[in-house]
Amino acid sequence: MAALETILIWCALLGLCIGYYLVPYLITYSALRDIPAASRIAAFSNLWLAFQARRVRRSAAVHAAHQRLGPVVRIAPNHISIASTAAVHPVYGHGNGLLKSDFYDAFVSFEPGLFSTRDRAEHTRKRRMVSHTFSTKALGGFEQYIQQNLAVFVRQWNLKADNANGQFAKVDALAWCNYFAFDMIGDLAFGQPFGMLEKGKDIAELQLEPRGPISHAPAVYLLDKRGELNAMLGCVPALIPYAKWIPDPFFYKGLSGRLGVNAVGTARVTERLQRGTKSDRIDLLARLMEGKDDLGNSLGRNELISEALTQMVAGSDTTANSLCAVIYWTLKSPGVLQKLQKELDTVIPNHDCAPTFSQVKDVKYLRAVINEGLRMHSTNSIGLAREVPPGPGLEILGHHFPAGTVLSVPTYSIHHSKEVWGDDADCFRPERWECLTEDQKTCFIPFSYGPRACSGRNVAEMEMVLITAIMFSRYDFELYQDQWKLRDGFLNKPVECQIGFKKRYR
Ligand code: HEM
């Protein structure tokens, strides 16, 4: 009798499992059955994608699947990756109605912010409130703060160069890109840098609760771990509440990362609110405090913290990793640094003065080097997931995608498509930016495209133009990084970038 009961229980469990995986495959997503799957498991379960994210190599795995199977690949039961120019506008464009998928639920801190909210009306309201923060007029006001942080950067690097006595001073460029980008966003968002450039160290203040004690922790490290965990949990949102029970360092490090990043944000917002309006500094928080929706309502305190945190997270490691990639590829590719220095020397005649944005913003080769770095590296290399809304569905490349299907365009793959960029798509060649085809323009999406595209693009570009102009015009470099190791969480991040530098001018 007991044996029969055991058999029945096992049969029931097996039936449940088969039902759980087969019903969606055979019925719910039957329209997707003719699309080749990245692996057998990917057609039945999102565990394949989650596993690739856990190995921090999702975009590489999806890219390999596209190379084997073509432009349309099933990477989870209801998620189709489309590596084609034809998909960019329908999936991300204005007015097409696709919303962020439940992948983004893993990124919610406190409450959904501008980046993580999936609701269209809520997004429009938030975007309208922060839009004046990034207006052209506001951008002009940011330059002085970028220049102040650059002055600290140059002072620190000059000290290192002097101490190296004519030899190349050795540093991890990734670390310094992070110090610069974090100090910048601290300064722009909260009116004060984190102080990483001054200390030459990854360190920030932490506060678990608004009135709690202050401690210190490495913010860059915490953000790395948070991003990797969120990118994995986003593939299996059902796992979010159970993540803390999983006995794997990836999960508990990621959860500490989440907690830590929230605590860094809380410390900065609390400190900034205490300073109140006494300061005449117009930082992002001041602008968020001024922001009003259509009904004239201001942001509540929780929403303010959530939005300030959104800016801090979205504007720091994105810029740092993009910048590091630009440095790496410039130094790795023969002749690029020399050509760049020659062009910069013509517009920066006085090397004792920092160049202004208006002096260097139109240096064509500098822009080409930055764009080519963004293309090659693809900081957001994974496909950003969007869900087909209720209604008739969507037609792309002869496939019909019914409502509820999740679609994404893998950024790394379309940035490296030989059809779009030519046979040298995997080479760093800034000269290709002298004349782009329409397909190349469509496929270049480092800041995404459409209503959910990056709102901080102008700030990021200004920061990158100014720091690369100053670095490459003032110093000579050597690259010591033989292997370019990457970890692909939500962002594609190099592990390190060892370089040497010395002054070009005494
Ligand atoms: C090189 C640097 C940067 C890159 C490559 C980058 C890239 C991106 C991408 C690809 C998205 C879309 C994400 C998605 O749909 O999941 C995005 C969104 C966003 N970015 Fe950036 N970003 C950069 C710098 C910045 C900076 C400096 C800020 C703020 C000062 C910022 C603020 C945001 C915000 C708030 C969003 C969400 C926008 C929305 O959903 O309406 N980003 N960024």
Side-chain angles (χ1 to χ4, degrees), residues 131-154 157 176-177 180-181 183-185 187-188 282-284 311 314-316 318-327 329-331 336-377 379 428-436 440-441 444-449 453-475 477 504-505:
S131 61
H132 67 302
T133 308
F134 298 104
S135 65
T136 320
K137 192 167 156 237
L139 198 67
F142 288 157
E143 182 173 357
Q144 56 182 311
Y145 305 114
I146 302 181
Q147 296 288 5
Q148 281 166 13
N149 285 288
L150 280 176
V152 183
F153 176 85
V154 168
W157 271 40
W176 283 89
C177 291
F180 170 71
D183 272 1
M184 269 320 312
I185 203 69
D187 212 350
L188 296 186
I282 311 274
D283 50 35
L284 296 186
Q311 300 300 337
S316 51
T318 42
T319 312
N321 289 284
S322 304
L323 201 50
C324 181
V326 171
I327 296 171
W329 286 108
T330 301
L331 303 189
V336 172
L337 177 64
Q338 293 68 23
K339 185 168 173 184
L340 186 54
Q341 287 178 329
K342 207 169 154 200
E343 281 212 28
L344 287 171
D345 288 348
T346 61
V347 291
I348 316 173
N350 182 354
H351 287 274
D352 289 331
C353 292
T356 61
F357 187 58
S358 62
Q359 242 178 318
V360 287
K361 73 178 170 36
D362 297 323
V363 177
K364 283 209 174 72
Y365 196 63
L366 178 64
R367 286 298 186 136
V369 163
I370 293 173
N371 282 343
E372 185 69 345
L374 291 171
R375 182 190 72 83
M376 277 296 279
H377 181 63
T379 305
F428 182 83
R429 197 172 63 81
E431 287 70 18
R432 74 173 84 244
W433 292 87
E434 283 164 15
C435 177
L436 287 192
Q440 288 169 342
K441 285 182 196 160
F444 182 59
I445 51 166
F447 296 96
S448 192
Y449 172 73
C454 180
S455 52
R457 177 176 188 158
N458 292 342
V459 181
E461 287 185 336
M462 188 188 242
E463 285 182 37
M464 287 200 291
V465 163
L466 280 169
I467 191 171
T468 46
I470 214 164
M471 275 174 98
F472 292 130
S473 64
R474 287 202 178 201
Y475 305 103
F477 291 91
R504 290 179 72 207
Y505 305 92

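Every heavy atom of this structure was used, including side-chain atoms; hydrogens, water molecules and symmetry mates were not. Counting begins at 1 with the first residue of the sequence.
In this structure, Phe472 and Phe477 have perpendicular ring planes: the angle between them is above 60°, well past the 30° mark.
When side chains are defined from C-beta on, Phe180 counts as touching Leu150, because their heavy atoms get closer than 4.5 Å. Under the 4.5 Å side-chain criterion, counting only non-hydrogen atoms from C-beta, Met462 is not in contact with Lys361. Between Pro349 and Gln359, the closest side-chain pair of non-hydrogen atoms falls below 4.5 Å. The shortest side-chain heavy-atom distance between Asp345 and Arg504 falls under the 4.5 Å cut-off. Side-chain contact between Tyr365 and Val336: present, with at least one pair of heavy atoms (C-beta onward) separated by less than 4.5 Å. In this structure, the side chains of Thr356 and Glu143 come closer than 4.5 Å at one or more pairs of heavy atoms. Between Asp187 and Phe142 there is no side-chain heavy-atom pair separated by less than 4.5 Å. Between Ile467 and Leu323, the closest side-chain pair of non-hydrogen atoms falls below 4.5 Å.
When all heavy atoms of Ile470 and Ala354 are compared, the closest pair comes out as CD1-CB, 3.8 Å. Residues Leu188 and Asp283 approach most closely at O-CB, 3.1 Å, considering heavy atoms. When all heavy atoms of Ile327 and Cys177 are compared, the closest pair comes out as CD1-SG, 3.7 Å.
Rounded to the nearest 0.5 Å, atoms CD (Gln440) and CG (Asn371) are 12.0 Å apart. Interatomic distance, Met464 CE to Arg367 CZ, rounded to the nearest 0.5 Å: 9.0 Å. To the nearest 0.5 Å, atoms CD (Glu461) and SG (Cys454) are separated by 9.0 Å. Considering CD1 of Ile146 and CE of Met184, their distance stands at 4.5 Å, rounded to 0.5 Å.
Side chain of Gln147 to backbone of Pro355: a donor-acceptor contact under 3.5 angstrom is found. Within the 3.5 Å criterion, the main-chain N or O of Ser358 finds no donor-acceptor partner in the side chain of Asp362.
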Could you go step by step and tell me if Asn458 and Phe447 meet the side-chain contact (heavy atoms from CB on, under 4.5 Å) rule? CA-CA 10 Å; Asn458 292 342; Phe447 296 96; over 6 Å; no
For this session: Kindly determine whether Trp329 and Val369 satisfy side-chain contact (heavy atoms from CB on, under 4.5 Å), including the steps that lead there.
Result: CA-CA 9 Å; Trp329 286 108; Val369 163; over 6 Å; no
Q. Does the pair Glu431 and Lys339 meet the rule for a salt bridge (charged side-chain N to carboxylate O under 4.0 Å, His left out), with working shown?
A. CA-CA 11 Å; Glu431 287 70 18; Lys339 185 168 173 184; 2.9 Å; yes
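Residues meeting the salt bridge (charged side-chain N to carboxylate O under 4.0 Å, His left out) test with Arg429, sequence neighbours left out: Asp424. Applying the side chain to side chain donor-acceptor pair (under 3.5 Å) test to Ser322 and every residue at least two apart in sequence or in another chain returns Thr379.
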